[in-house]
There are 2 protein chains.
Amino acid sequence: MATPLPVVGEPRLDLPAPDVTDATALAALLADRTRAGILRMLADGPHCVCEMAAALGERDNNVSNHLARLRDAGLVRAIRHEANARFLYYERDEAAVAVARERLLAVLG
Amino acid sequence: MATPLPVVGEPRLDLPAPDVTDATALAALLADRTRAGILRMLADGPHCVCEMAAALGERDNNVSNHLARLRDAGLVRAIRHEANARFLYYERDEAAVAVARERLLAVLG
DNA sequence: ATGACATATCAGCCGTCCGTGTGATGTTCA
DNA sequence: TGAACATCACACGGACGGCTGATATGTCAT
């Protein structure tokens with residue numbers, strides 16, 4: 001804690017800019033109802049695209065679009081169903097999600 | 001934990017939609033470089049608008065705009081400087097920030 | 001093989017939000 | 001009182017992102 005109460009002197013105009021690029025990128029991913037819903041559903045275990053699309057009331061291709069964003073960010077992973085290979089199940093990468101949590105807490109913490 | 005591994009049966013199309021409205025609203029606030037920088041700077045103590053604008057390399061009115069968004073969300077609070085009343089200092093509402101953390105962890109947790 | 005289903009990818013439209021400019025309000029100091 | 005400064009409130013232009021529709025790929029059943 002540097003300055004718990006308002007200062008008495010003059011404003012300091014030479015303060016460094018905090019680096020929040022990681023946090024904003026992650027927040028942008030969470031700032032969408034569909035993507036946040038996906039991440040929340042996958043917290044309880046894997047789900048296929050059609051399941052999540054039905055639950056969220058969105059179309060399959062739309063959900064697939066958002067899953068691609070989450071996949072590019074490394075937050076989720078796709079796995080083929082052994083018995084029924086036409087269903088593509090998604091699961092969370094818990095290690096990556098843990099890193100995401102820390103990066104957000106670097107701003108809100 | 002409901003289903004740790006991919007299921008063998010058919011997809012369930014009757015799953016409930018998770019409620020993520022609080023989380024997405026908060027994430028939208030964090031998904032901006034200026035707002036995230038403000039919240040990060042205020043974690044170390046109060047700052048006036050001109051200080052944060054200088055540090056973030058943004059104009060005063062722009063920072064003021066974003067502060068209004070954070071103020072409407074209840075995350076920050078404005079306090080007049082006793083000695084120098086022309087400077088308006090902002091501080092975080094730590095209780096509200098704690099609630100914000102929990103709401104985000106409801107999705108990422 | 002053919003058709004039906006699940007998912008992926010791409011292009012285009014459209015809404016929303018960010019940054020800016022301007023004027024108004026309030027505070028300090030001469 | 002008047003000038004300079006800090007902040008706010010509002011409206012405008014542009015860029016970014018989400019939804020959609022069409023098309024493509026791969027899988028299962030008949």
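Chain letters run A, B, ... following the sequence lines, proteins first, then strands; residues in each count from 1. Quick note: numbers below take in every heavy atom, side chains included, and nothing from hydrogens, waters or symmetry partners.
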Could you state the [atom1]-[atom2] distance from [X] to [N], rounded to the nearest angstrom?
{"X": "A:Phe87", "N": "D:dG26", "atom1": "CZ", "atom2": "P", "value": "18 Å"}
{"X": "B:Leu30", "N": "C:dC18", "atom1": "CG", "atom2": "P", "value": "12 Å"}
{"X": "A:Glu10", "N": "D:dA6", "atom1": "CD", "atom2": "C1'", "value": "12 Å"}
{"X": "B:Leu67", "N": "D:dA6", "atom1": "CG", "atom2": "C1'", "value": "13 Å"}
{"X": "A:Leu70", "N": "D:dG17", "atom1": "CG", "atom2": "P", "value": "15 Å"}
{"X": "A:Leu88", "N": "D:dG26", "atom1": "CG", "atom2": "C1'", "value": "11 Å"}
{"X": "B:Asp60", "N": "C:dG19", "atom1": "CG", "atom2": "C1'", "value": "14 Å"}
{"X": "B:Glu51", "N": "D:dT7", "atom1": "CD", "atom2": "P", "value": "9 Å"}

Can you give me the N/O atom pairs linking the protein to nucleotides 18-22 of chain D at distances under 3.5 Å, or say none if there are none?
| from | atom 1 | to | atom 2 | distance (Å) |
| --- | --- | --- | --- | --- |
| D:dG18 | OP1 | A:Arg35 | NH1 | 2.8 |
| D:dG18 | OP1 | A:Arg35 | NH2 | 2.4 |
| D:dG18 | OP2 | A:Arg69 | NH1 | 2.3 |
| D:dC19 | OP2 | A:Asn62 | OD1 | 3.2 |
| D:dC19 | OP2 | A:Asn62 | ND2 | 3.2 |
| D:dC19 | OP2 | A:His66 | NE2 | 2.6 |
| D:dG21 | OP2 | A:Arg59 | NH1 | 2.3 |
| D:dG21 | N7 | A:Asn61 | ND2 | 3.1 |
| D:dG21 | O6 | A:Asn61 | ND2 | 3.4 |

> The side chain of B:Tyr90 lies closest to which of these nucleotides: D:dC8, C:dT9, D:dT7?
Replying inline: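 Among the listed nucleotides, the one closest to the side chain of B:Tyr90 is D:dC8.
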
> How far apart are the closest heavy atoms of B:Ala100 and A:Leu108, and which atoms are they?
Replying inline: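 Result for this residue pair: CB-CD1, 4.2 Å.
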
>> Heavy atoms only, 4.0 Å cut-off, all strands: where does A:Arg33 land among base, sugar-phosphate and nothing?
In response: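 Contact class for A:Arg33: none.
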
> What residues form a salt bridge (charged side-chain N to carboxylate O under 4.0 Å, His left out) with A:Arg77, not counting sequence neighbours?
Replying inline: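 With sequence neighbours excluded, A:Arg77 shows a salt bridge (charged side-chain N to carboxylate O under 4.0 Å, His left out) to A:Glu91, A:Asp93, given in chain and number order.
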
Would you tabulate the side-chain donor-acceptor contacts of residues 20-30 of chain A under 3.5 Å, counting partners in other chains and residues two or more places apart, or write 'none'?
| from | atom 1 | to | atom 2 | distance (Å) |
| --- | --- | --- | --- | --- |
| A:Thr21 | OG1 | A:Asp19 | OD1 | 3.1 |
| A:Thr24 | OG1 | A:Val20 | O | 3.1 |
| A:Thr24 | OG1 | A:Thr21 | O | 2.9 |

According to side-chain hydrogen bond (donor to acceptor under 3.5 Å, both in side chains), who are the partners of [X], at least two apart in sequence or on a separate chain?
{"X": "B:Arg92", "answer": "B:Glu94"}
{"X": "A:Asp72", "answer": "none"}
{"X": "B:Arg86", "answer": "none"}

Check nucleotides 27-30 of chain C for protein N or O atoms closer than 3.5 Å to its own N or O atoms and list the pairs.
| from | atom 1 | to | atom 2 | distance (Å) |
| --- | --- | --- | --- | --- |
| C:dT28 | OP1 | B:Ala85 | N | 2.9 |

> Phosphate oxygens OP1/OP2 of C:dA8: is one of them under 4.0 Å from a side-chain N or O of A:Ser64?
Replying inline: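 For A:Ser64, the contact criterion (side-chain N or O under 4.0 Å from OP1 or OP2 of C:dA8) is met.
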
> So which of residues 13-24 of chain A are in contact with DNA chain C, with a heavy-atom cut-off of under 4.0 Å?
Replying inline: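 Output list: empty, so none.
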
> Mind checking what makes side-chain contact (heavy atoms from CB on, under 4.5 Å) contact with B:Ala78, not counting sequence neighbours?
Replying inline: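 If we apply the side-chain contact (heavy atoms from CB on, under 4.5 Å) test to B:Ala78, skipping adjacent residues, the hits are B:Leu88, B:Tyr90.
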
>> Tell me every residue that passes side-chain contact (heavy atoms from CB on, under 4.5 Å) with B:Ala55, counting only those two or more places apart in sequence or in another chain.
In response: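 Checked B:Ala55 against side-chain contact (heavy atoms from CB on, under 4.5 Å); matches are A:Leu15, B:Met41.
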
> Which pairs pass salt bridge (Lys or Arg N to Asp or Glu O under 4.0 Å) with one or both residues in residues 30-42 of chain B, sequence neighbours excluded?
Replying inline: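 Pairs touching residues 30-42 of chain B that pass the test: B:Arg33-B:Glu58, B:Arg40-B:Asp44.
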
>> Tell me which pairs pass side-chain hydrogen bond (donor to acceptor under 3.5 Å, both in side chains) where either residue lies in residues 100-109 of chain B, with sequence neighbours left out.
In response: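 Found none.
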
>> Taking the ring of A:Phe87 and the ring of A:His81, is the distance between their centroids below 6.0 Å?
In response: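 No.
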
